[in-house]
There are 2 protein chains.
Amino acid sequence: MKRPMHGYDVHKFLSSGLKGVWYVGMSNTYGMLKKLESDGHVSSVIEMQTNRPARRVFSITKKGTSLFEDWISKPVSNIRDLRVEFIAKLYFLKDLNLSGGERLVEGQKVVCQKILESTHLPTAERSEFNRLLSDFRTCQIRSILSWLEDCLKFLETSGNNA
Amino acid sequence: MKRPMHGYDVHKFLSSGLKGVWYVGMSNTYGMLKKLESDGHVSSVIEMQTNRPARRVFSITKKGTSLFEDWISKPVSNIRDLRVEFIAKLYFLKDLNLSGGERLVEGQKVVCQKILESTHLPTAERSEFNRLLSDFRTCQIRSILSWLEDCLKFLETSGNNA
DNA sequence: GATTTTTACTCAGCAATTGAGTATTCACTT
DNA sequence: AAGTGAATACTCAATTGCTGAGTAAAAATC
C-alpha cells in the first residue's frame, strides 16, 4: 500500500493479483474499506474535480500500518487459512517488495508442524473412520509443509530485498 | 435420517459425528431445518405433551429424500469442499449404512484428476510467483488423490453393505 | 434436596455478501 | 463523427447467514 489509492485501485490490486485465489467483488472491496475506515485503519478524503463526480482517496493510517505489519509478519493459525490468507500475505510481501518473507514461512512451518503433531498424538484413535478423518488432515498438512519448502526456495531465488 | 427426529437429535448427529470437521451450532441446526422446511425438504409436526413444553418432530419428505440421494451420490466440484462436504457424505454413508461409497469415491477421484489437469496445463506459467501458487493447488490435490485411495481401502475393509 | 447436564428450542441483531444500479471517460470501430 | 464497449469509480438496499443470549423443563448426579 503505502501510497494513497482509490477504492477502485485497491480492488484491482486484490482481484488481479489474487485471481483464482480470492474472489473479491467490487462492492466487497468498498465494504472492507468502509469497515477499515470506521475502525480507524484507513482515512479518506474526497477529491473534488471540476465538472466530474468526486472520487474518494484512501490512505493508510498509523494504526492501520501497525496492524498491517503485525498481520503480515504472523503465520496463520488454521490450516484452512493457508489457501487464501497465507497466500495473500505472500502476495503483499512480493508486490510491495517487503522483507520478512523467510521469517513468515519459517513461522508457518512451525505452526503447521505443531498442528500436525497435535492431530497425530492425542488420537486414542477410536474407530477406523476416525482414523480416516485424521489421515485427511495429516495428509494435507504434510503436503503443505513440503510446499512451504518450495516457498523458501522461491524467496531465495527471487532476491528478497529491503 | 429415515426416522423422524427432533431438531436436537439432528444437531447431536451432526455435531458429534463431525466433531473437528464441521462445527454446527445449535441455532445453526434449527436455522437449517427451518430453511429445509420452507423449501419443502422436511416437514414437521408439533408433538404435544401434557404439562410439558411442545416439541417439534421433523421428517424428511419425498422431495427431501430425492435431494439427499442425489447429493450423497455426487462428488463435490471444488477442492475446498473436500474437507467438510465430502467428509460429511462419507459420514452419512457410514452412519446410515448406505451403499454407493465406492462409486462416490471413484467419482471424486475423477473430478480431482480433472481439476489437477486443468491446473497444470493452461498455465502459460507467467511468473515464478504464479507457478508457486499453482504448485500449492497441485500439491494439495495430489495429496487428496492419495487419501481417496485410503478411502477405498477403508470401504473395502469395513464391509460395505446394502 | 440441590446442582449440573441434557434435552429442546426461539429470537433479535449484526455482519458479510451480493446484485443491481449510476455515471463518466477512454479506446476503438465503422 | 457517431456509436459501442470496456474501464473507471462508486453507492445502496436487501437478503442471508450466523451468533449469542435467552428460556425452560427433565434427568442425572452429588
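Numbers restart at 1 for each chain; the letters A, B, ... are given by sequence-line order, proteins then strands.
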Rounded to the Å, how far apart are [X] [atom1] and [N] [atom2]?
X	N	atom1	atom2	answer
B:His11	D:dT19	NE2	P	11 Å
A:Arg55	D:dT11	CZ	C1'	17 Å
A:His6	C:dA23	NE2	P	20 Å
A:Phe13	D:dA9	CZ	P	17 Å
B:Lys12	C:dT6	NZ	P	9 Å

* Asked: Counting just side-chain N and O atoms, does A:Tyr8 come under 4.0 Å of either OP1 or OP2 of D:dA9?
  ->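 The answer is no; no side-chain N or O of A:Tyr8 sits under 4.0 Å from OP1 or OP2.
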Qualifying residues under side-chain hydrogen bond (donor to acceptor under 3.5 Å, both in side chains), relative to B:Arg80, sequence neighbours excluded:
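Scan of B:Arg80 (side-chain hydrogen bond (donor to acceptor under 3.5 Å, both in side chains), adjacent residues dropped) gives none.
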Please name all residues satisfying ring-ring contact (aromatic ring centres under 6.0 Å, His included) with A:Phe129, sequence neighbours left out, ordered by chain then number.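 Checked A:Phe129 against ring-ring contact (aromatic ring centres under 6.0 Å, His included); matches are B:Phe154.
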- Nearest of C:dC9, D:dT11, D:dA9 to any side-chain atom of B:Arg56?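 Of the options given, the side chain of B:Arg56 lies nearest C:dC9.
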Point to revise | Near-strand residues of residues 19-36 of chain A, defined as heavy-atom separation under 4.0 angstrom from DNA chain C | key: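 Listed by number, they are A:Ser27, A:Asn28.
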| message | Quick test of your reading: applying salt bridge (charged side-chain N to carboxylate O under 4.0 Å, His left out), list the pairs with at least one residue in residues 21-39 of chain B, sequence neighbours left out, ordered by first then second residue. | response |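 Listed by first then second residue: B:Lys35-B:Asp39.
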Clusters formed by hydrophobic residues whose side-chain heavy atoms approach within less than 4.5 Å: which one holds A:Tyr8, and what are its other members?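 Members alongside A:Tyr8: A:Met26, A:Tyr30.
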With side-chain hydrogen bond (donor to acceptor under 3.5 Å, both in side chains) as the rule and sequence neighbours excluded, what pairs involving residues 140-153 of chain A come up?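 Passing the test, one end in residues 140-153 of chain A: A:Lys109-A:Glu149, A:Gln140-B:Ser143, A:Ser143-B:Gln140.
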Under a 4.0 Å threshold between the charged nitrogen and the carboxylate oxygen, would B:Lys114 count as salt-bridged to B:Glu117?
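No, B:Glu117 and B:Lys114 are not salt-bridged.
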